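Input: a single structure, listed below in structure tokens.
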Amino acid sequence: MRCSMIVMNYWLVKQEPEAYAWKDFLREGKTAWTGVRNYQARNALRQMQKDDLVLFYHSVSEKSIVGIAKVLREAYPDPTAKTGDWSCVDLKPVKPFSHPVTLSQIKETPSLASIPLIRQSRLSVMALTRKEFTLILSLGKTHLP
DNA sequence: GCCAACGTTGGC
DNA sequence: GCCAACGTTGGC
């Protein structure tokens with residue numbers, strides 16, 4: 001028998017809940033992840049593949065990972081960019097965390113202490129390894145549907 | 001091409 | 001509200 005190995009990538013995106021919160025995302029059912037104006041973040045957006053899983057982090061006021069999303073549409077030109085070469089993707093909510101995972105929890109977890117969220121606090125789109133992703137899900141007592 | 005000045009982000 | 005970290009801009 002032949003098995004087709006599906007290579008899945010894992011990501012984390014950040015947003016200030018005052019600007020666009022998980023509940024707005026749920027209400028809309030999907031969103032275009034526009035407005036990224038940092039090359040490293042843009043390059044991460046461009047590497048996303050359909051159905052990749054994406055953690056949704058609320059920065060500033062909440063500092064917690066609140067939900068799981070997935071890539072609905074791969075990178076295309078960001079319609080909100082008037083100049084420059086910028087991309088966006090479409091994301092769709094998968095499910096909320098039953099227990100949001102806080103930044104301090106992540107910092108306290110040795111194998112998560114070096115993820116870009118900690119190391120590079122200003123980066124707004126970043127890759128995670130499968131192990132990191134799975135560990136965060138378990139910290140949030142959350143399972144994939 | 002260097003670097004000072006400046007703006008932005010985000011944790012504290 | 002402060003400030004560290006970091007990216008960008010522009011003068012030289």
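Chain letters run A, B, ... following the sequence lines, proteins first and then strands; every chain starts at 1. Keep in mind that the numbers below use all heavy atoms, side chains included, and drop hydrogens, waters and symmetry copies. A quick note: this is a predicted structure, and the numbers were derived from the prediction, not measured.
One atom, CD1 of A/Ile106, and another, C1' of B/dG11, lie 13 Å apart when rounded to the nearest Å. The CG-P distance, from A/Asn38 to C/dT9, rounds to 12 Å in whole Å. Atom CG of A/Leu12 is separated from atom C1' of B/dG10 by 14 Å (rounded to the nearest Å). Here B/dG11 presents its P atom at 12 Å from CD of A/Gln15, a figure rounded to the nearest Å. The separation between A/Lys14 atom NZ and B/dT9 atom P is 11 Å, rounded to whole Å. Here the P atom of nucleotide B/dT9 and the CZ atom of A/Arg37 are 11 Å apart, to the nearest Å.
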Which protein N or O atoms sit under 3.5 Å from an N or O of nucleotides 1-8 of chain B?
residue: B/dT8; atom: O2; partner: A/Arg122; partner atom: NH2; Å: 3.3

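A pairwise comparison of heavy atoms in A/Arg42 and A/Asp85 identifies NH1-O, 2.8 Å as the closest pair. In this structure, A/Glu74 and A/Met48 approach most closely via the heavy-atom pair CG-O, 3.5 Å.
Although no hydrogens or angles enter the test, the distance criterion places no donor-acceptor pair under 3.5 Å between the side chain of A/Ser104 and the main chain of A/Thr102.
Among the atoms of the strands shown, base atoms are found under 4.0 Å from some heavy atom of A/Lys63.
Between A/Trp33 and A/Phe56, the ring planes are perpendicular. Angles over 60° get that label, and only those under 30° would be called parallel.
Side-chain atoms of A/Ile118 and A/Leu112, non-hydrogen and from C-beta on, never get closer than 4.5 Å to each other. Within the 4.5 Å cutoff, no side-chain heavy atoms of A/Met126 are placed close to those of A/Ile115.
For A/Tyr57, no side-chain nitrogen or oxygen approaches OP1 or OP2 of B/dT9 to under 4.0 Å.
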